There are 2 protein chains.
Amino acid sequence: MPRAGLSAEAVVDVALGLLDEQGPEALTLAAVAGRAGVATPSLYKHVRNLAELKVLISVRVMGELAARGEAALLGRSGDDGVRALLHAYRDYIREHPHRYAAMAQQPGPGLAEAAERLVGVFYAALRSRGLEGSDAVHATRCLRAAVHGFGVLETSGGFGLPEKSDESFALLAEMIINGLP
Amino acid sequence: MPRAGLSAEAVVDVALGLLDEQGPEALTLAAVAGRAGVATPSLYKHVRNLAELKVLISVRVMGELAARGEAALLGRSGDDGVRALLHAYRDYIREHPHRYAAMAQQPGPGLAEAAERLVGVFYAALRSRGLEGSDAVHATRCLRAAVHGFGVLETSGGFGLPEKSDESFALLAEMIINGLP
DNA sequence: CTATAAAGCTAACCGCATTAGCTAGGAGGG
DNA sequence: CCCTCCTAGCTAATGCGGTTAGCTTTATAG
């Protein structure tokens, strides 16, 4: 019988597939192993345990999100840049709700670098808007809070009424942009 | 040996204590039973299963939060009311971070009523500020998103830098209040 | 004083994470 | 071409948490 040829990266790939298709409940080592065509304990050759797998997933997702944000910022500056970043972030959440939900965690060890890059994107957008230092720190928090909160509420079904959530988000984005110091 | 004299309410009380002191990981039927001085399966006489216990916890927390908001709104109107509501909400999250984290869920059956009351508080604040109908719906979403996002980021350690988060929150609140239609 | 509904208990099962220790594929050196 | 060694993978086993079934006991109503 040929080997499966796994690796930590491959395990994360499989786990992300599972996450996207069946949600966070389904993210179990047994399920990942099954989908990878391997017995459960074999995963431990590539990943220390479930907790570490989750960290690796977070790192991957933070990277994707940061890349989206950086792309949105390309060639834009000022309010336009901030607006594009906010919308790019929210679009990602809508495309991969489970992936995003699996990310929101404390900045434990191993996550610091990826988290820094992600926050850096917000910081960069605000710098091009003319904010620096303490002002930028506070503003970054506001941007992150708004977009994170909106994404969570939207994808977890918190918006029951028929009003279009696109409109709600546009309002939120403009409120924040116009309110920046 | 005398009976423990449990009830669904009492089970929720015990569970909340556990949640507050040891976080969401520790919220296990075994732990609740132990703290209540009862064998694990005995809990099933009061609660259908763990999922239902979590729903009951959510209902309780939503109620507490709604009560806080209603109290903050008493005797205030317009921007003042909205500001007081936002701060009251955030204060609750800081006082009971685990409790709040355990609440954020989809509006499944049994939660609808409590969720409605909670959303109603936001709606009321906005009405006194002069918003109605569709405008109020969009604005409610913005308020909830901002305060939820900020609370989650703040309590999960997302704000690493030394800048005071009180200041950040005040900025967010004012940005939103000034940006209301 | 007794009958009954409810509260509690023990025993047992299942799924999942994790560990220990064995087996075998396959690459590198002789 | 064969031997050796590393390591991916396997099986077996443990422990914990949730859940179910079925028995026992308490307390209360009649």
Side-chain angles (χ1 to χ4, degrees), chain A residues 1-60 98 101-103 105-106 108-111, chain B residues 1-60 98 101-103 105-106 108-111:
Chain A
M1 34 187 116
R3 290 211 177 172
L6 282 185
S7 68
E9 287 300 294
V11 171
V12 172
D13 289 342
V14 171
L16 282 175
L18 212 47
L19 197 55
D20 285 339
E21 292 169 27
Q22 307 186 42
E25 328 275 62
L27 185 59
T28 163
L29 287 182
V32 171
R35 183 178 274 230
V38 126
T40 308
S42 304
L43 295 178
Y44 288 81
K45 294 288 153 139
H46 307 285
V47 155
R48 195 160 8 156
N49 50 33
L50 180 60
E52 189 189 61
L53 174 57
K54 287 181 175 169
V55 168
L56 292 178
I57 289 175
S58 285
V59 169
R60 181 79 73 86
H98 295 142
M103 185 201 85
Q105 296 181 28
Q106 294 92 324
L111 281 175
Chain B
M1 34 188 114
R3 288 210 178 173
L6 282 185
S7 67
E9 287 300 294
V11 171
V12 172
D13 289 342
V14 172
L16 283 175
L18 213 46
L19 197 56
D20 285 339
E21 292 169 27
Q22 307 187 41
E25 327 276 60
L27 185 60
T28 165
L29 287 182
V32 171
R35 183 178 274 229
V38 126
T40 308
S42 303
L43 295 178
Y44 288 81
K45 292 287 150 117
H46 307 285
V47 156
R48 195 160 9 153
N49 50 32
L50 180 60
E52 188 188 63
L53 174 56
K54 287 182 175 169
V55 168
L56 293 178
I57 289 175
S58 285
V59 170
R60 180 79 73 87
H98 295 142
M103 184 202 86
Q105 297 181 30
Q106 294 92 323
L111 281 175

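All chains are named by letter (A, B, ...) in the order of the sequence lines, taking the proteins before the strands, and each is independently numbered beginning at 1. Worth knowing before you read on, the calculation uses all heavy atoms, side chains too, and leaves out hydrogens, waters and symmetry mates. Given the structure is predicted, the values throughout are model-derived calculations rather than measurements.
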S.K.: Phosphate oxygens OP1/OP2 of C:dA6: is one of them under 4.0 Å from a side-chain N or O of B:His46?
M.R.: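 So the side chain of B:His46 is outside the cut-off, no N or O lying under 4.0 Å from OP1 or OP2 of C:dA6.
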S.K.: Identify the two heavy atoms, one from B:Ala31 and one from B:Ala26, that lie closest to each other, and give their separation to 0.1 Å.
M.R.: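 Closest pair (atom of B:Ala31, atom of B:Ala26, distance): CB-O, 3.6 Å.
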S.K.: Rounded to whole angstrom units, what separation is found between the CG atom of A:Leu6 and the P atom of C:dG25?
M.R.: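 Atom CG in A:Leu6 sits about 17 Å away from atom P in C:dG25.
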S.K.: Scan for side chain to side chain donor-acceptor pair (under 3.5 Å) pairs involving residues 18-33 of chain B, sequence neighbours excluded, and state none if there are none.
M.R.: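 Residue pairs passing side chain to side chain donor-acceptor pair (under 3.5 Å), neighbours aside: B:Asp20-B:Arg99, B:Glu21-B:Arg35.
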S.K.: Not counting sequence neighbours, which residues clear side-chain hydrogen bond (donor to acceptor under 3.5 Å, both in side chains) with A:Asp13? List them please.
M.R.: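 Partners of A:Asp13 by the side-chain hydrogen bond (donor to acceptor under 3.5 Å, both in side chains) criterion, ordered by chain and then number, come out as A:Arg60.
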S.K.: Just checking B:Ser42: base, sugar-phosphate only, or nothing, at a heavy-atom cut-off of under 4.0 Å?
M.R.: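 Base, at least one base heavy atom under 4.0 Å.
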S.K.: Is any side-chain N or O of A:Thr28 closer than 4.0 Å to OP1 or OP2 of C:dG15?
M.R.: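 Negative; the distance criterion is not met.
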S.K.: Under the rule for side chain to side chain contact (heavy atoms under 4.5 Å, CB included), what residues qualify as partners of B:Ala36, not counting sequence neighbours?
M.R.: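 B:Leu6, B:Val14.
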S.K.: Please pick, from C:dG8, C:dC9, D:dG9, the nucleotide with the shortest atom-to-atom distance to any side-chain atom of B:Ala39.
M.R.: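 Output: C:dC9.
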S.K.: What pairs of residues pass the side chain to side chain donor-acceptor pair (under 3.5 Å) test when at least one of them lies in residues 36-47 of chain B, not counting sequence neighbours?
M.R.: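 Output for this query is empty, none listed.
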S.K.: Roughly how many Å is it from CD in A:Glu25 to C1' in D:dG18, rounded to a whole number?
M.R.: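 Taking CD of A:Glu25 and C1' of D:dG18, I get 14 Å after rounding.
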S.K.: Using atom names, set out every protein N or O paired with an N or O of nucleotides 18-22 of chain C below 3.5 Å, distance rounded to 0.1 Å.
M.R.:
{"unit_1": "C:dT18", "atom_1": "OP2", "unit_2": "A:Tyr44", "atom_2": "OH", "d": "3.0"}
{"unit_1": "C:dT18", "atom_1": "OP2", "unit_2": "A:Leu50", "atom_2": "N", "d": "2.9"}
{"unit_1": "C:dT18", "atom_1": "O5'", "unit_2": "A:Tyr44", "atom_2": "OH", "d": "3.2"}

S.K.: Carefully, step by step, assess A:Leu27 and A:Ile57 under the rule side-chain contact (heavy atoms from CB on, under 4.5 Å).
M.R.: CA-CA 11 Å; A:Leu27 185 59; A:Ile57 289 175; 3.7 Å; yes
S.K.: Please list, in numerical order, the residues of residues 11-22 of chain B that have a heavy atom closer than 4.0 Å to any atom of DNA chain C.
M.R.: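 When residues 11-22 of chain B is checked for heavy atoms under 4.0 Å from DNA chain C, there are no hits whatsoever.
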S.K.: Which atom pair, heavy atoms only, marks the closest approach of B:Leu19 to B:Pro24?
M.R.: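 Scanning both residues, the minimum pair turns out to be CD1-CA, 3.8 Å.
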S.K.: In this structure, how many angstroms lie between the P atom of D:dC16 and the CG atom of B:Leu27, rounded?
M.R.: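 Answer to the nearest Å: 18 Å.
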S.K.: Return the minimal non-hydrogen interatomic distance between B:Ser58 and B:Ala102, and the atom names on each side.
M.R.: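 Scanning both residues completely, I find the closest heavy atoms to be OG-O, 3.6 Å.
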